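Report on the structure given below.
All figures in this text were calculated on a predicted structure; none of them were measured in a lab.
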2 protein chains.
Amino acid sequence: MALRHAVLAALLDGEYSGYQLAKAFDIGVANFWHALPQQLYAELAKLEKDGLVAGRQVVQETRPTKRLFHVTEAGRAELEAFAAAAAKPSFIRDDLLVKVQAADRVGTGPVIGQLEERATAADAKIELLGVLLRQLRGEADEEEFLLRGERIGPYLTCLRGLAFEREHRDWCRRIAAVLRERQKINAQG
Amino acid sequence: MALRHAVLAALLDGEYSGYQLAKAFDIGVANFWHALPQQLYAELAKLEKDGLVAGRQVVQETRPTKRLFHVTEAGRAELEAFAAAAAKPSFIRDDLLVKVQAADRVGTGPVIGQLEERATAADAKIELLGVLLRQLRGEADEEEFLLRGERIGPYLTCLRGLAFEREHRDWCRRIAAVLRERQKINAQG
DNA sequence: TACTGATACTCAAGAAAATGACTAGTCAGT
DNA sequence: ACTGACTAGTCATTTTCTTGAGTATCAGTA
């Protein structure tokens with residue numbers, strides 16, 4: 001029971017359809033919780049069955065009918081209990097790091113390429129997060145917003161995401177450079 | 001097929017028993033791949049069945065008999081192919097971030113406590129990684145080691161882990177401070 | 001006019017991971 | 001003599017995740 005709370009937390013900011021939720025996960029929530037759309041639909045169904053979210057049908061003229069969900073009182077209570085309980089240790093899984101761990105025992109060429117791709121992707125994500133953060137805080141500067149803003153939760157997690165992406169990008173570029181240098185040295189020696 | 005390659009990569013540095021592998025995962029590999037001991041035993045059994053690792057029994061006098069595993073040629077080839085294939089996007093999951101996302105909609109008291117615990121745990125991890133890195137690079141300084149060292153894979157992933165833990169610690173402390181400040185302001189207002 | 005891409009989902013099969021309990025001997029300290 | 005921690009695993013069950021496919025409509029583009 002874990003995705004459950006991530007969905008509830010994401011849904012705190014208003015009504016979302018499963019589809020919209022999947023988008024929100026891609027941008028914001030993905031900074032701390034990865035999930036595929038199918039999982040979200042399944043989880044929403046379970047949450048509704050358990051009365052933690054409620055949905056309402058919205059018929060649209062030009063688009064398929066959708067169902068918008070919001071968190072119920074029971075859902076809020078569930079989140080409250082979750083927040084008070086001990087957190088599990090965080091965890092990461094990253095293929096690319098597995099490859100780097102194996103570096104200098106397997107061919108590094110493709111790994112260097114992947115590190116550079118990742119760095120580029122991180123650049124894009126950093127820009128995206130920058131835009132998102134500016135939107136979230138509106139006119140206020142950050143300090144002011146963090147102290148007086150109404151809804152800072154998503155802002156705080158995006159800040160974490162931004163820091164993560166920056167570190168990740170820098171690491172990828174540095175490691176790619178190191179591996180390239182080593183290739184040169186080995187070619188010479 | 002994912003844990004599989006993490007195990008192979010971890011096993012590149014010598015022979016390990018399942019138990020030792022579990023330790024190695026806790027310290028180094030956990031920086032990019034989280035797995036429980038039971039999973040490792042199960043994965044080792046599968047890898048052996050598939051001929052990607054081979055084990056040998058070691059009878060000990062004072063300790064239970066153990067089985068030490070090493071990567072076979074087929075295992076190395078498997079890793080090689082893995083390194084060349086496209087990497088999946090990394091993913092993170094963190095309960096604590098879910099709680100922060102929900103912050104200012106649920107009680108923040110316990111969350112502040114957990115942020116501080118995390119920061120303290122991160123401090124310990126940072127120290128541990130510092131020691132590990134010093135061990136790995138021996139006498140050489142970092143630049144020199146990265147360019148000429150024989151085996152830099154684990155060093156590189158530990159560097160990533162270190163950067164991650166630092167960022168995480170700083171973020172936790174900052175967010176804890178922000179949430180505390182907001183509690184004060186709300187108490188006054 | 002055909003094609004692409006976005007919206008808005010659903011279903012099912014199979015792989016992978018998490019959980020909890022269990023065995024069994026050693027060693028250090030109270 | 002007892003306790004708790006460490007070594008070194010195994011087993012079974014359940015939960016969760018991934019993969020891949022399928023449905024349907026509409027808007028914009030070439």
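A straight line from CZ of Phe91(B) to P of dT16(D) spans 14 Å, rounded to a whole angstrom. Separating the CD atom of Glu48(B) from the P atom of dG9(D) is a distance of 12 Å, rounded to the nearest angstrom. Regarding Lys66(A), its NZ atom lies at a distance of 8 Å from the P atom of dC9(C), rounded to whole Å. With rounding to whole Å, Leu40(A) atom CG is found 16 Å from dC11(C) atom P. The separation between Asp95(A) atom CG and dA16(C) atom C1' is 14 Å, rounded to whole Å. Rounded to an integer number of Å, the gap from OH of Tyr41(B) to C1' of dA8(D) is 5 Å. Here dA16(C) presents its P atom at 15 Å from CG of Leu36(A), a figure rounded to the nearest Å. Atom CD in Gln39(B) sits about 15 Å away from atom P in dT10(D), given to the nearest Å.
The closest side-chain heavy-atom distance from Leu115(A) to Val100(A) is below 4.5 Å. Using a 4.5 Å heavy-atom cutoff, the side chains of Gln101(A) and Asp13(B) are in contact.
In this structure, Arg93(B) is positioned above the aromatic face of Phe91(B), its NZ or CZ under 6.0 Å from the six-membered ring centre and within 45° of the axis. Cation-pi contact between Lys99(B) and Phe82(A): present, with separation from the ring centre below 6.0 Å and deviation from the ring axis of at most 45°.
The residue Arg4(A) sits apart from the nucleic acid: no heavy atom pair falls under 4.0 Å.
A residue-by-residue look at Lys88(B) and Gln60(B) shows that Gln60(B) has its nearest nucleotide of DNA chain D further toward the 5' end. Each of Phe69(B) and Lys46(A) has a nearest nucleotide on DNA chain D; the 5'-most of these lies closest to Phe69(B).
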Table of protein N/O atoms under 3.5 Å from nucleotides 20-27 of chain D N/O atoms:
from: dG20(D); atom 1: O6; to: Gln38(A); atom 2: NE2; distance (Å): 3.0

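Using a 3.5 Å distance cut-off with no hydrogens or angles, the side chains of His168(A) and Arg160(B) do pair a donor with an acceptor.
Annotation: Glu142(B), atom CD; neighbour count of heavy atoms from other residues, nucleotides and ligands within 6.0 Å is above 12. Around CZ of Arg166(A), the count of heavy atoms belonging to other residues, nucleotides or ligands within 6.0 Å does not exceed 12.
Listed by residue number, the members of residues 13-35 of chain A with any heavy atom below 4.0 angstrom from DNA chain C are Ser17(A), Gly18(A), Tyr19(A), Lys23(A).
Contact check, Arg67(B) against dT10(D): no side-chain N or O comes under 4.0 Å of OP1 or OP2.
Considering every non-hydrogen atom in both Leu44(B) and Gly18(B), the closest pair reads CD1-CA, 3.6 Å.
For Tyr16(B) and Phe69(B), the gap between ring centers reaches or exceeds 6.0 Å.
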